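Accompanying notes for the structure given below.
Quantities reported herein were computed from a predicted structural model and do not represent experimental measurements. Reckoned from all heavy atoms, side chains included, excluding hydrogens, waters and symmetry mates.
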Amino acid sequence: MNETMPEDRRLRRIVVAGGGTAGWMAAAAIARTMGRAVDLTLVESDAIGTIGVGESTIPPLVNFNRLLGINEAEFMRATQATFKLGIAFDGWKEPGHSYFHSFGMTGKDHWSAGFQHFWLHGREKGYDDPYDAYCLELKAALEGKFAHLPDEAMNYAYQLDSTLYAKFLRAMAEGDGATRIEGKIARVELDGESGNVAALQLDSGLRIEGDLFLDCTGFRALLIEEALHAGHDDWTHYLPCDSAIAIQTESVGPAVPYTRAMAHDSGWQWRIPLQHRTGNGIVYCSRYLDKDAALTRLLGNIEGQTLTQPNFLRFGAGARRKQWHRNVVAIGLSGGFMEPLESTSIHLIQRAVLRFIRMMPLHEISARDIAEFNDQQHADMLQIRDFLILHYKATERRDSAFWRFCGTMEIPDTLAQKIELFRETGRVFRKNEELFAENSWVQVMMGQGIMPRAYHPIAEKLRDDELARLLTMLRETVTKTVAGLPQHSAYVEHYCGAVRAAAA
């Protein structure tokens with residue numbers, strides 16, 4: 001006979017330690033999904049600043065917001081967001097060279113082979129249009145155009161103010177029943193018998209008990225690492241940049257629907273256009289560039305008057321070995337850090353939050369759930385890590401000590417296999433729910449100078465006239481569609497224009 005679990009033994013009390021983007025994404029998703037099935041409390045201190053520089057996102061955030069029933073125009077207005085169709089990479093292959101990593105499909109795939117195989121065969125036949133010519137999102141981005149298209153034919157993400165996004169999510173979470181408690185965590189109290197976190201002691205003397213704790217305390221990782229010692233894998237030998245400086249500037253022109261990543265001799269610089277300002281930052285390796293020189297370089301390569309003081313950051317690429325340990329789940333920077341090159345920080349928060357909700361226990365925590373959660377989180381981070389390493393490794397730059405190190409460094413076997421498979425055959429294989437699509441790998445590898453030596457024989461199935469018709473039709477469809485799109489800045493103003501007085 002089935003017995004109902006007594007209410008007082010259910011794991012209802014969820015405590016989110018820390019606010020910011022991670023904390024409020026977690027609180028908003030749990031409150032909206034679980035409602036009164038849980039007792040949700042978030043603890044944060046106004047005295048502790050958040051990193052708050054993550055402004056560029058990737059398309060899965062569109063689905064996250066839809067899952068939570070968020071009105072897109074309202075969200076974009078509140079966060080001064082613009083649309084994002086990809087990232088322009090300047091100077092990564094070599095100085096003066098640029099390529100674009102878009103979010104869309106390029107051309108048309110066959111189930112047996114990606115479009116790159118047909119394009120490569122076409123090159124042999126004298127069709128010299130660049131691979132870029134067959135991608136709608138890429139061509140629209142470079143012409144500064146955007147619109148929502150029928151059947152979601154345009155893939156996009158957002159460029160937003162992450163501080164305003166956290167504020168927007170806070171209002172939503174509190175409206176759905178989450179409780180916010182102001183205070184600084186003074187001590188993490190462990191249960192002497194189980195070793196689990198029992199409560200958070202605030203400096204005010206208040207004690208916050210919980211059954212499950214989400215560690216959103218950023219790099220400090222107060223619960224998952226300082227209290228529970230989950231361990232950390234260091235990936236700085238693959239991703240050597242360890243410092244950043246962020247600053248905001250006034251907008252000097254219409255916002256373009258893409259982010260820029262501009263390489264310099266010791267790292268790279270970002271430029272992210274929002275509705276009323278631009279986010280800027282420089283990422284660098286402190287072994288090759290000191291803080292003062294980095295700031296001088298950043299200030300010498302910005303547009304518009306500065307709106308904020310420089311925000312200096314130190315970090316190290318890596319991942320927590322256990323991102324769910326005992327009754328604590330790490331969300332965001334407490335679980336690990338990937339530099340913002342491919343705008344994955346908010347995505348990793350989203351993945352962890354949704355994964356936790358799927359695995360939320362009823363009356364006891366399953367060791368199997370913990371193991372599965374950790375395996376999936378680790379796989380996500382390894383795949384993203386490899387994609388980031390690709391940008392540094394696949395370079396022809398040898399003009400500085402930094403790039404000579406990157407170009408000759410050892411890389412993980414998983415990435416080496418991906419690179420050499422593509423170089424030899426033009427193929428890209430993705431595993432499980434790997435984040436970056438085949439077209440992303442193709443665009444970055446070819447953009448960085450890795451060209452396949454062969455292609456799939458299915459491409460030769462087409463007669464020359466059939467191949468010509470296919471390539472012409474695909475290219476002309478992109479050209480015609482882009483020609484009919486409005487300018488991105490005008491579309492944003494009409495669809496979700498923010499009141500200028502609300503600028504942060």
Does one side chain, of [X] or [Y], offer a donor that lies under 3.5 Å from an acceptor on the other?
X: E396; Y: H97; answer: no
X: Y288; Y: W403; answer: no
X: D90; Y: S98; answer: yes
X: N155; Y: E137; answer: yes
X: E339; Y: W268; answer: yes
X: S243; Y: R314; answer: yes

Shortest non-hydrogen separation from H264 to Q269 and the atoms involved
CD2-N, 4.1 Å
Smallest separation among heavy atoms of L239 and A317, with atom names
CB-CB, 3.8 Å
What pairs with [X] under side-chain hydrogen bond (donor to acceptor under 3.5 Å, both in side chains), at least two apart in sequence or on another chain?
X: D129; result: R475
X: Y491; result: H148
X: D386; result: T414

R430 atom CZ, over 12 foreign heavy atoms within 6.0 Å
yes
Partners passing side chain to side chain contact (heavy atoms under 4.5 Å, CB included) against P452 (at least two apart in sequence or in another chain):
L120, F422, M446
Which residues satisfy the side chain to side chain contact (heavy atoms under 4.5 Å, CB included) test with K108, sequence neighbours excluded?
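Testing K108 for side chain to side chain contact (heavy atoms under 4.5 Å, CB included), a comparison that skips the adjacent residues, returns L474.
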Using a 4.5 Å cut-off on heavy atoms from C-beta on, say whether the side chain of [Y] contacts that of [X].
X: Q443; Y: Y99; value: no
X: I70; Y: F168; value: yes
X: M445; Y: V428; value: yes
X: R32; Y: L67; value: no

Can we call the ring centroids of [X] and [Y] under 6.0 Å apart?
X: F75; Y: Y158; result: yes
X: F436; Y: W441; result: no
X: F315; Y: F219; result: no
X: H488; Y: Y156; result: no

Not counting sequence neighbours, list each pair that qualifies as a ring-ring contact (aromatic ring centres under 6.0 Å, His included) and has a residue in residues 238-257.
none
Positive for side-chain hydrogen bond (donor to acceptor under 3.5 Å, both in side chains) with S343, one of K84, Q159, E55:
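Passing option: K84.
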Among F115, Y127, Y455, which one satisfies ring pair (Phe, Tyr, Trp, His ring centres under 6.0 Å) with H121?
Y455
